[in-house]
> 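I have a structure I would like to understand better, so I am pasting it below and will then ask my questions one at a time.
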Amino acid sequence: MSKAFTKDEAWEEPIIPPRAPVPAGVPNYVTPRGLGLLRAELAELEAERHRLEADRSDEVEYRRRLAILTGRTSELTARIASAALVDPRLQPRDQVRFGASVTLRTVSGERAGEERRLEIVGIDEADAAHGRVAFTAPIARAILGREVGDTAALDTPRGRELLEVVSIEYHSAP
């Protein structure tokens with residue numbers, strides 16, 4: 001029988017998808033919203049564990065799922081413990097810093113004239129589809145410390161783009 005049809009194959013795949021790593025020597029900065037999301041995720045894992053405990057009809061599946069939950073919970077607990085909370089409301093209003101919502105205009109490059117808005121957040125909160133980029137992302141590193149009117153160069157697969165900071169905002173709501 002082909003190994004593809006045996007139950008053992010499920011154990012060969014990574015059973016705990018890895019979180020994006022925090023680079024060595026870099027603090028695990030989080031916004032209040034990001035810390036709230038991590039805590040909500042932990043609460044959901046704990047609820048999932050309680051549901052799992054209530055249904056132990058298949059002992060092998062129970063042990064497999066418990067191992068996954070334990071690993072995810074351990075990893076998440078460590079991430080929360082390492083979190084360095086940064087309140088965006090306390091950042092300097094005239095500079096791009098962690099927690100800023102920034103409007104950028106592409107000055108040169110393939111997308112010249114295009115504007116985009118992004119928010120600089122923690123690694124776990126990053127979601128490019130919603131305009132949230134990790135503070136470790138190349139675009140965030142290029143604009144950190146800049147002020148309105150400043151430009152920054154960003155190397156992309158399409159070539160170098162020159163970006164102008166159009167506006168900087170900090171939101172108080174998580």
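A quick note: this is a predicted structure, and the numbers were derived from the prediction, not measured.
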> From Glu41 CD over to Glu46 CD, what is the distance, rounded to the nearest 0.5 angstrom?
11.5 Å
> Check residues 160-169 and write down every donor-acceptor pair under 3.5 Å in which the side-chain atom is one partner and the other belongs to a residue at least two apart or another chain.
unit_1: Arg160; atom_1: NE; unit_2: Asp155; atom_2: OD1; d: 2.8
unit_1: Arg160; atom_1: NH2; unit_2: Asp155; atom_2: OD1; d: 3.3
unit_1: Arg160; atom_1: NH2; unit_2: Asp155; atom_2: OD2; d: 3.1
unit_1: Glu161; atom_1: OE1; unit_2: Arg116; atom_2: NH2; d: 2.9
unit_1: Glu161; atom_1: OE2; unit_2: Arg158; atom_2: NH2; d: 3.0
unit_1: Glu164; atom_1: OE1; unit_2: Arg105; atom_2: NH1; d: 3.3
unit_1: Ser167; atom_1: OG; unit_2: Thr103; atom_2: OG1; d: 3.1
unit_1: Glu169; atom_1: OE2; unit_2: Arg117; atom_2: NH2; d: 3.1

> Any ring-ring contact (aromatic ring centres under 6.0 Å, His included) involving residues 99-127? Give me the pairs, sequence neighbours left out, ordered by first then second residue.
none
> How would you list all residue pairs meeting ring-ring contact (aromatic ring centres under 6.0 Å, His included) that involve residues 40-60, not counting sequence neighbours?
none
> Answer yes when Glu75 and Arg72 have at least one side-chain N-carboxylate O distance shorter than 4.0 Å, and no when they do not.
no
> Sequence neighbours left out, cut at 3.5 Å: what donor-acceptor pairs do the side chains of residues 127-142 make with other protein atoms?
unit_1: Asp127; atom_1: OD1; unit_2: Ala129; atom_2: N; d: 3.3
unit_1: Asp127; atom_1: OD1; unit_2: His130; atom_2: ND1; d: 3.4
unit_1: Asp127; atom_1: OD2; unit_2: His130; atom_2: ND1; d: 2.6
unit_1: Arg141; atom_1: NH1; unit_2: Thr136; atom_2: O; d: 2.5

> Going by the rule salt bridge (Lys or Arg N to Asp or Glu O under 4.0 Å), which residues pair with Arg51 if we only count those two or more places apart in sequence or in a different chain?
Glu44
> With sequence neighbours excluded, what pairs up with Asp124 under the side chain to side chain donor-acceptor pair (under 3.5 Å) test?
Arg19, Arg79
> Do Ile123 and Pro23 come within less than 4.5 Å of each other through their side chains, counting heavy atoms only?
yes
> Please list all pairs passing the side chain to side chain donor-acceptor pair (under 3.5 Å) test where one or both residues lie in residues 142-153, with sequence neighbours left out.
none
> Taking side chain as C-beta onward, heavy atoms only, is Tyr29 less than 4.5 Å from Val22?
no
> Sort and list the pairs that fulfil ring-ring contact (aromatic ring centres under 6.0 Å, His included) and have at least one residue in residues 136-162, not counting sequence neighbours.
none
> For Ser101, which residues count as a side chain to side chain donor-acceptor pair (under 3.5 Å) partner, sequence neighbours excluded?
His171
> Who clusters with Leu85? Use side-chain heavy atoms, under 4.5 angstrom, across I, L, V, M, F, W and Y, and order the result by chain and number.
Val30, Leu35, Leu38, Leu42, Leu45, Leu52, Tyr62, Leu66, Leu69, Leu76, Ile80
> Taking only residues two or more places apart in sequence or in another chain, which ones pass salt bridge (Lys or Arg N to Asp or Glu O under 4.0 Å) with Glu48?
none
> I want to check something: taking the side chain as every heavy atom from C-beta on, are Leu144 and Ile120 in contact at a cut-off of under 4.5 Å?
yes
> Are Val102 and Tyr170 connected into the same hydrophobic cluster when the rule is that any two of I, L, V, M, F, W, Y join if their side-chain heavy atoms are below 4.5 Å apart?
yes
> Nearest 0.5 angstrom please: Phe98 CZ to Gln91 CD, how far?
8.5 Å
> Assess the residue pair Leu104 and Glu115 against the criterion (side-chain contact (heavy atoms from CB on, under 4.5 Å)); give the C-alpha distance rounded to whole Å, side-chain angles, the decisive distance to 0.1 Å, and a yes or no.
CA-CA 5 Å; Leu104 300 171; Glu115 283 193 4; over 6 Å; no
> Quick one: list whatever passes side chain to side chain donor-acceptor pair (under 3.5 Å) with Asp55, sequence neighbours left out.
Ser57
> In Å, rounded to the nearest 0.5 Å, how long is the span from CZ of Arg64 to CG of Asp58?
9.5 Å
